[in-house]
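See below for the structure under consideration.
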Amino acid sequence: MNSSLVTAVVLAGGKSKPDLLAATGVPHRALLQIEGETMLARVVRALQESAWVSDIYVVGDIPPPDGCHSLPDMGDFVENVLQATAAVPDAQYLLYATADTPFLTSQAVADFVSRALQSGAEMCYPIIPLERCAQRFPSMPRTALSLREGTFTGGNLLLVRAGVVRRQADLLRQAFRARKSVWALAKILGAGIIVRVLLAKLVSPRLLSIAHIKRRVQQLMGATAQEIVTEYVEIGVDIDKLEHLQVLVESGYRVG
């Protein structure tokens, strides 16, 4: 067992959207079954078998798998993220994972955590080359951003020191409230990065780089940050819409 263990937090409070609920009858996305096992159980097993995780907290009003602690769903994504910091000291690393990534593997978790800790950064986020996603899950829709270094999609893991999350609680609340408004986000991110994003989309991806984004994130969070480019596509495959489930069915998976 590694000495540099992290505390995992599985965010499992998401409710099924009406169309997904109508199709499956499952009110909590985390309890959707893929190949006869709930998505939550699959995620927890990957964390447990990675050899990098000590305690696991499951946030949501559902029974946690064996060996996990339970935290209630606060009815708000950011508050769910924040409440998990109460049980650990500032310097402790928290590994946030969403409960709707059923293809997550222990190898993917171990690779991300080990490389993130080696970087020494206070917060680390995985990004995946879009072409790798297209190769592994060709029909699965993905949101991606074209940058100077290539086109990437985001993953569903985040490694961050608990103290960073606590210090930036108000900023996280503001950002979550602003997530659907370009102008509200612009006020938080700043005009410079917004202009670069627009120019990258309209003119050339070379006008926006990973370094530009990282610099702004570090300024906002008051913490060192590091992107982890990973080939583990399963980190980025989340099943939270009916169309995602339909892709799995068409690919031959048993779901329900």
Side-chain angles (χ1 to χ4, degrees), residues 4-15 28-30 40 43 47 52-62 64 68-101 112-113 116-117 119-127 143 154-194 197 212-228 235 238 240:
S4 301
L5 296 179
V6 302
T7 298
V9 181
V10 183
L11 300 171
K15 304 294 192 299
H28 294 273
R29 289 200 308 272
L40 174 60
V43 169
L47 295 170
W52 282 96
V53 172
S54 55
D55 294 330
I56 300 177
Y57 290 84
V58 174
V59 184
D61 295 332
I62 54 178
C68 297
H69 307 285
S70 179
L71 291 172
D73 181 6
M74 304 297 288
D76 180 273
F77 179 80
V78 174
E79 299 309 318
N80 283 345
V81 167
L82 291 170
Q83 69 164 321
T85 67
V88 297
D90 280 359
Q92 175 67 31
Y93 276 104
L94 295 175
L95 175 63
Y96 286 96
T98 60
D100 55 4
T101 51
F112 171 69
V113 174
L117 291 176
S119 77
E122 294 172 285
M123 54 186 299
C124 296
Y125 180 69
I127 58 175
T143 300
N156 292 284
L157 297 177
L158 172 68
L159 188 74
V160 59
R161 290 193 190 275
V164 173
V165 180
R166 277 197 281 262
R167 288 198 307 270
Q168 298 300 340
D170 287 342
L171 176 64
L172 294 174
R173 293 186 182 103
Q174 291 173 33
F176 188 73
R177 287 195 298 267
R179 69 191 186 282
K180 295 183 180 180
S181 169
V182 173
W183 299 115
L185 283 173
K187 288 179 64 177
I188 296 171
L189 295 174
I193 193 69
I194 293 297
V197 170
H212 289 131
I213 297 172
K214 179 163 63 177
R215 189 180 305 120
R216 186 55 182 148
V217 168
Q218 290 182 146
Q219 291 171 345
L220 285 169
M221 296 298 292
T224 55
Q226 179 63 46
E227 78 287 350
I228 305 295
I235 289 178
D238 52 337
D240 62 355

inquiry  = Using side chain to side chain contact (heavy atoms under 4.5 Å, CB included), reason through Val10 and Thr98 one step at a time and then give a plain yes or no.
reply    = CA-CA 5 Å; Val10 183; Thr98 60; over 6 Å; no
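- Among pairs with a residue in residues 70-81, those fulfilling salt bridge (charged side-chain N to carboxylate O under 4.0 Å, His left out) read Lys15-Asp73, Glu79-Arg173, at least two apart in sequence or across chains.
- Residues Val53 and Leu5 fail the side-chain proximity criterion, which asks for heavy atoms closer than 4.5 Å.
- When side chains are defined from C-beta on, Thr7 counts as touching Ser54, because their heavy atoms get closer than 4.5 Å.
- One distance of note links CD of Glu122 with OH of Tyr93; it measures 7.0 Å at 0.5 Å rounding.
- Remark: Thr101 OG1 to Asp238 CG distance equals 7.5 Å, nearest 0.5 Å.
- Put simply, the side chain of Leu71 does not reach to within 4.5 Å of the side chain of Val58, judged on heavy atoms.
- For the residue pair Gln219 / Arg216, a side-chain donor-acceptor distance below 3.5 Å is found, with atom types taken as modelled.
- Note that the CG atom of Leu95 and the CH2 atom of Trp52 stand 11.5 Å from one another [nearest 0.5 Å].
- With contacts defined as side-chain heavy-atom distances shorter than 4.5 Å, the pair His69/Asp55 qualifies.
- Nearest approach of Leu157 to Ala97, heavy atoms of both residues: CD2-CB, 3.6 Å.
- Applying the salt bridge (charged side-chain N to carboxylate O under 4.0 Å, His left out) test to pairs two or more places apart or on separate chains, those with a residue in residues 82-101 are Arg29-Asp100, Asp90-Arg166.
- In this structure, CD1 on Ile188 lies 8.5 Å from CG on Leu220, to the nearest 0.5 angstrom.
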Residues Val59, Val9; criterion side chain to side chain contact (heavy atoms under 4.5 Å, CB included); working and verdict = CA-CA 7 Å; Val59 184; Val9 181; 3.8 Å; yes
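- For the pair Val197/Ile213, no side-chain contact is recorded, criterion being any heavy-atom separation below 4.5 Å from C-beta on.
- Of the possible polar contacts, one joining the Tyr96 side chain to the Val81 backbone as a donor-acceptor pair under 3.5 Å is found.
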request  = Just do the side chain to side chain contact (heavy atoms under 4.5 Å, CB included) check on Phe112 and Cys124 with the steps written out, would you?
outcome  = CA-CA 9 Å; Phe112 171 69; Cys124 296; 4.3 Å; yes
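- The closest side-chain heavy-atom distance from Asp61 to Pro72 is below 4.5 Å.
- Between the side chain of Arg161 and the backbone N or O of Ala91, at least one donor-acceptor pair lies under 3.5 Å.
- In this structure, Gln218 contributes its side chain and Thr224 its backbone to no donor-acceptor pair below 3.5 Å.
- The line from CG of Leu82 to CE of Met74 is 9.5 Å long, rounded to the nearest 0.5 Å.
- Put simply, the side chain of Val164 reaches to within 4.5 Å of the side chain of Met221, judged on heavy atoms.
- Of the candidates Leu172, Val165, Asp170, Leu171, Val78 forms a side chain to side chain contact (heavy atoms under 4.5 Å, CB included) with just one, namely Leu172.
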